Amino acid sequence: MSNLFSFNARTGEHVGEPLATSSATQIDAAVVATHHAFGDWARSSGTQRATLLRHLADGLEADRESLVALADLETALGPVRLNGELDRTTFQLRRFADIAQRGEPFAVLDDPAVAGAPPAGHPAMQLHRMPLGPVAMFAASNFPFAFSVLGGDTASALAAGCPVVVKAHPGHPALSRQVFAIAERSLQALGLPAGLIGMVQGAGIDVGVQLIRHPLIAAGAFTGSTRGGAALQAEANTRARPIPFYGELGSINPLVALPSALAARGAELASTLAASITLGCGQFCTNPGLLVLLDGRETEAFVPQLADALGTLQPHPMLTAGMRTAFDAGLKALVGAGATPLVQGQGAGLAPGPQLLQVSAQRFIDTHALREEVFGPASLIVRCAHLTQVQDVLTSVGGSLTVTIWGADEDTAEHRALVRAAMQIAGRVLFAGVPTGVAVTAAQHHGGPWPASTAPMTTSVGDAALYRFLRPVCLQDAPAWLLERSGQPC
Ligand code: NAP
């Protein structure tokens, strides 16, 4: 295993001495500790869970200044974005605290006995939801707070009654330690077992592999690349006892801009889109990586507007040198597969320039390599001859976190078919704005068919994320004492 270092994301240089990595014994101890903590936490009240989640949020806010400074050093995402992300993280923790306290996900479905012969007649039945058990949580590099140690997966698992072992991301190892120290202090201050939240770290895949293989782990929650998620899902499935694996993966997020929208607001949309493509150096799972345009004069006018708008923007450095290398390799692969570069921003060091490429719809549909996510400030224009071809392009994508459609305001047969094609492949379909920015709310669905997610029925963002960690159990003809205890045997 190679050394784990904190590093300066702007220069790529190591900061300080190597950090200790988790040994096999330490990984085992972290999981065993969550196992011991599980019973009491599964029985805890919504108020107890809410108290912990709010304490964690307060702890993050109390250390805001030093956390943001360290996150900025290790990710180069900048204090404005990082302060906003910390706000989102504390919002998530408090939102799940409220949900746990109100208790909707744990509501019992009471199905009283019906006299008579089956199928109409049946015994008294009650549907309960139980926490799954210890969750292995894999943090992503590009959200050092919101999809990391105390991010949405940890918050929703704890709210559901599940302890968590976090596999910290090597892209922000020192920050992960500082956030984990906040968790340790919260658990101690509230008299809760230290094993409720564990963390393991390493600079290679073996730490995560050992974690997901551990027999006491009951589920995996992952945010990251399609390749990494597929590898860990395979591990989860080949265990002696396979477990649910909730992987939120990469996405190319098609954006369809119809001529009517371009005619009405082309210049404005070009600058909005350019900002979205380069936001956070394009390092968002919801980055609009695919622009689907119809041949015609509106598109002829729009493409140069977009190219000009992109040309004025200079993204900040990427999260890691590895991502910078992968970005260049991804662009090369697109060109190798037949895409023509339209904008080739120069960039400097770890900061790439914005990139815009173009390809025909038929080539896109025929070539799998053109549908691979290129993680960074790049977008591929696909030129279509007619609306049916737009649908074919969407269908060929297969799965995406989002599809955006600009200009489908009228109720026409063509728009209906287009929206149907979009809903078929995406977890979220937008009719205004840009896909970057994922609201934490009740109706959010952040997922989608493969390769967007390994579990398209579930979301990793929003209130429903909690349900991933609950398992339905039906109690049939339960004795009175058990019903009096709301189905909780002990
Ligand atoms: P990543 O490289 O896949 O890393 C995520 C985690 O998986 C890390 O802890 C990594 O550990 C581990 N990992 C990767 N490959 C593995 C393997 N073969 N076996 C075991 N563990 C493995 O992803 P990332 O660089 O953090 O994030 C960028 C990607 O995440 C992009 O594709 C982006 O679209 C996606 N993303 C998706 C969402 C979403 O909600 N859908 C949100 C944010 C980002 P090591 O690095 O230690 O190996």
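The shown structure was predicted, so the numbers you read here are calculated from the model rather than taken from an experiment. Ligands are counted one by one from 1 in listed order, and the atoms in each one are counted from 1 as well.
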Honestly, for L232 the part within reach of ligand 1 (heavy atoms, under 4.0 Å) is side chain
G250 neighbourhood, listing ligand 1 atoms whose heavy-atom distance to it stays under 4.0 Å
32 (O), 34 (O)
Looking only at protein heavy atoms, which one is nearest to atom 41 (N) of ligand 1, and what is the separation?
L249 O, 2.8 Å
Would you say that more than 12 heavy atoms from the other residues, nucleotides or ligands in this model lie under 6.0 Å from the CD of E184, or not?
yes
Below 4.0 Å, non-hydrogen atoms only: which portion of P170 touches ligand 1? Side chain, backbone, both or neither.
side chain
Would R81 and F143 count as a cation-pi pair here, with the cationic atom under 6.0 angstrom from the ring centre and within 45° of the axis?
yes
For A9, does its backbone N or O pair with a side-chain atom of E74 as donor and acceptor, under 3.5 Å?
no
Report the nearest protein non-hydrogen atom to atom 4 (O) of ligand 1: residue, atom name, distance rounded to 0.1 Å.
H169 NE2, 3.4 Å
Tell me the nearest of L211, T320, D206, N142 to atom 43 (C) of ligand 1, using heavy-atom distances.
N142
Just wondering, more than 12 heavy atoms not from E104 lying within 6.0 Å of its CD?
yes
Working to the nearest 0.5 angstrom, can you tell me the gap between T89 OG1 and F147 CZ?
9.5 Å
Which segment of S453 sits under 4.0 Å of ligand 1 when only heavy atoms are counted
neither
Side-chain donor-acceptor contact under 3.5 Å, N253 with T286
no
Does ligand 1 have any atom sitting under 4.0 Å from a heavy atom of F284?
no
Considering only heavy atoms from C-beta outward, does the side chain of V303 approach that of R383 to under 4.5 Å?
yes
Is it the case that over 12 heavy atoms from other parts of the model lie below 6.0 angstrom from the CZ atom of R420?
no
Tell me whether K167 has any N or O atom under 3.5 angstrom from an N or O of ligand 1.
yes
Please state which protein non-hydrogen atom is closest to atom 15 (N) of ligand 1 and give its distance, to 0.1 Å?
G228 CA, 3.2 Å
Nearest 0.5 angstrom please: H172 NE2 to S148 OG, how far?
3.0 Å
State whether the shortest distance between N or O atoms of S225 and N or O atoms of ligand 1 falls below 3.5 angstrom.
yes
Check whether more than 12 heavy atoms from other residues, nucleotides or ligands sit under 6.0 Å from atom CD of Q424, and answer yes or no.
no
Could you say whether the N/O atoms of S141 and ligand 1 ever approach to under 3.5 Å?
yes
What is the minimum heavy-atom distance between G171 and T320, and which atoms define it?
CA-CG2, 4.4 Å
CD1 (I27) and CG (D206) are apart, to the nearest 0.5 Å, by 7.5 Å
Any idea which protein heavy atom is nearest atom 36 (N) of ligand 1, and the distance to it?
C285 CB, 3.6 Å
Just verifying a value: how many Å separate N142 CG and C285 SG, rounded to the nearest 0.5 Å?
6.5 Å
for atom 34 (O) of ligand 1, nearest protein heavy atom and its distance come out as E373 OE2, 2.6 Å
Contact between G224 and ligand 1, counting heavy atoms under 4.0 Å?
yes
Quick one: which ligand 1 atoms are inside 4.0 Å of a heavy atom on A231?
17 (C), 18 (N)
What are the atoms of ligand 1, with element, lying closer than 4.0 Å to any heavy atom of A139?
5 (C), 6 (C), 8 (C), 9 (O)
the protein heavy atom lying closest to atom 12 (C) of ligand 1 turns out to be F222 CE1, 4.3 Å
How does L319 reach ligand 1, by side chain, by backbone, by both or by neither, if only non-hydrogen atoms under 4.0 Å count?
neither
Is ligand 1 less than 4.0 angstrom away from at least one heavy atom of M323?
yes
Atom 33 (C) of ligand 1 - nearest protein heavy atom and its distance
F375 CE1, 3.4 Å
Just distances here: any N/O of S460 and N/O of ligand 1 closer than 3.5 Å?
no
Taking E235 first and then R239, would you say they form a salt bridge - that is, a charged N and a carboxylate O separated by under 4.0 Å?
no
Return the residue, atom name and 0.1 Å-rounded distance of the protein heavy atom closest to atom 19 (N) of ligand 1.
I205 CB, 3.5 Å
Within the structure, does H446 bring an N/O atom to less than 3.5 angstrom of an N/O atom in ligand 1?
yes
Numbered atoms and elements of ligand 1 in range of T223, under 4.0 angstrom, heavy atoms:
5 (C), 37 (C), 38 (C), 39 (C), 40 (O), 42 (C), 43 (C), 44 (C)
Heavy-atom gap G204 to ligand 1 smaller than 4.0 Å:
yes
Cation over ring face, R49 and F106, 6.0 Å, 45°:
yes
